[in-house]
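Starting from 1, each residue takes its place in the sequence as its number. Values reported hereafter were calculated over all heavy atoms of this structure, with side chains retained and with hydrogens, waters and symmetry mates removed.
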Amino acid sequence: MKRFNPDAMGEKLLRRLAGGTSRRGILSRLGLALVAAPVFPLLPVSRAEAAKPDRSPEAKTMFARTAQTKDDTKCNYWRYCAIDGALCTCCGGGIHTCPAGAEPSPVSWVGSCINPDDGKAYMIAYRDCCGKPACGQCGCDNTDRETQLYLPQLNNNVIWCFGTSSMEYHCSTAMMIGAA
């Protein structure tokens, strides 16, 4: 029983560790680990699957399956995948221009919409036109790939008239930024 003494074994192990290391050595290894840890997320990862998004008919959302490119006064126009509100094309404006007397908000929310003609995804910036009474025509509430309100730049449930002379909402535009 004298051979298997846990206290003696622990003491022997700790003495051996203390004899083979120094405080500076432990501090340098700890410092190296603290400096290297934030770099791990930057290491290369195989993203072969993410390089090609799935644009098959089964993977498309309901909006993407019914989207069209001809009539920009309809809610299923391809650029309106994440729009919420009255369409400026029905209120005297254009797809990306506010009607006379309304001013565009300096902030916007974004969506990634698939053009059914070429099958490519495009980034769309939705901007509210403010300063006139609500248009009330062609009201749409498309929530294709909408995120929760904790990411407000991707959510359409906010009146985006911040920074304008009036917080009064009139209609919404959909400007294409570029390929997604």
Residues Thr66, Asn76; criterion side chain to side chain donor-acceptor pair (under 3.5 Å); working and verdict: CA-CA 7 Å; Thr66 61; Asn76 69 341; 5.2 Å; no
To the closest 0.5 Å, what do you measure between [atom1] ([X]) and [atom2] ([Y])?
{"X": "His170", "Y": "Lys132", "atom1": "NE2", "atom2": "NZ", "value": "4.0 Å"}
{"X": "Met9", "Y": "Leu14", "atom1": "CE", "atom2": "CG", "value": "11.5 Å"}
{"X": "Arg127", "Y": "His96", "atom1": "CZ", "atom2": "NE2", "value": "12.5 Å"}
{"X": "Gln137", "Y": "Cys171", "atom1": "CD", "atom2": "SG", "value": "10.0 Å"}
{"X": "Cys140", "Y": "Tyr77", "atom1": "SG", "atom2": "OH", "value": "13.0 Å"}
{"X": "Phe63", "Y": "Asn142", "atom1": "CZ", "atom2": "CG", "value": "5.0 Å"}

Sequence neighbours excluded, every pair satisfying salt bridge (Lys or Arg N to Asp or Glu O under 4.0 Å) that has a member inside residues 16-26: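 Every pair satisfying salt bridge (Lys or Arg N to Asp or Glu O under 4.0 Å) with a residue in residues 16-26: there are none.
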Donor-acceptor contact present, side-chain Thr89 to main-chain Asp72, <3.5 Å: yes
Side chain Tyr169, main chain Cys135, donor-acceptor under 3.5 Å: no
Closest approach of Cys130 to Ser166 (non-hydrogen atoms, all atoms of both residues):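 Looking at all heavy atoms of both residues, the shortest contact is CB-O, 3.6 Å.
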Shortest non-hydrogen contact from Pro106 toward Thr164: CD-CG2, 3.9 Å
Could you pull out all donor-acceptor pairs under 3.5 Å where a side-chain atom in residues 97-104 meets a protein atom, sequence neighbours excluded?
residue	atom	partner	partner atom	Å
Thr97	OG1	Gly94	N	3.0
Glu103	OE2	Ser165	N	3.0
Glu103	OE2	Ser165	OG	2.5

Residue pairs, two or more places apart or on separate chains, that pass ring-ring contact (aromatic ring centres under 6.0 Å, His included) and touch residues 116-136: Trp78-Tyr122, Trp109-Tyr126
Which residues share a side chain to side chain contact (heavy atoms under 4.5 Å, CB included) with Cys138, sequence neighbours left out: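 Scan of Cys138 (side chain to side chain contact (heavy atoms under 4.5 Å, CB included), adjacent residues dropped) gives Leu87, Cys90.
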With Met167 via side chain to side chain contact (heavy atoms under 4.5 Å, CB included) - residues at least two apart: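 Only Cys161, Phe162 meet the side chain to side chain contact (heavy atoms under 4.5 Å, CB included) criterion with Met167.
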Reference residue Thr69; test side chain to side chain donor-acceptor pair (under 3.5 Å); the match among Asn115, Asp117, Asp118: Asp117
Candidate pair Asp128 and Ser105, rule side chain to side chain donor-acceptor pair (under 3.5 Å), full reasoning: CA-CA 6 Å; Asp128 286 345; Ser105 66; 5.7 Å; no
Ile124 reachable from Ile95 in the ILVMFWY side-chain graph, under 4.5 Å edges: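 Same cluster: Ile95 reaches Ile124 through Ile, Leu, Val, Met, Phe, Trp or Tyr contacts under 4.5 Å.
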ILVMFWY cluster membership beyond Leu30 - transitive side-chain contacts under 4.5 angstrom: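 ILVMFWY cluster around Leu30 also holds Leu34.
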Check against side-chain contact (heavy atoms from CB on, under 4.5 Å), Lys120 and Ile114: CA-CA 5 Å; Lys120 294 180 181 176; Ile114 298 173; over 6 Å; no
Side chain to side chain, Met123 and Met176, heavy atoms closer than 4.5 Å: no
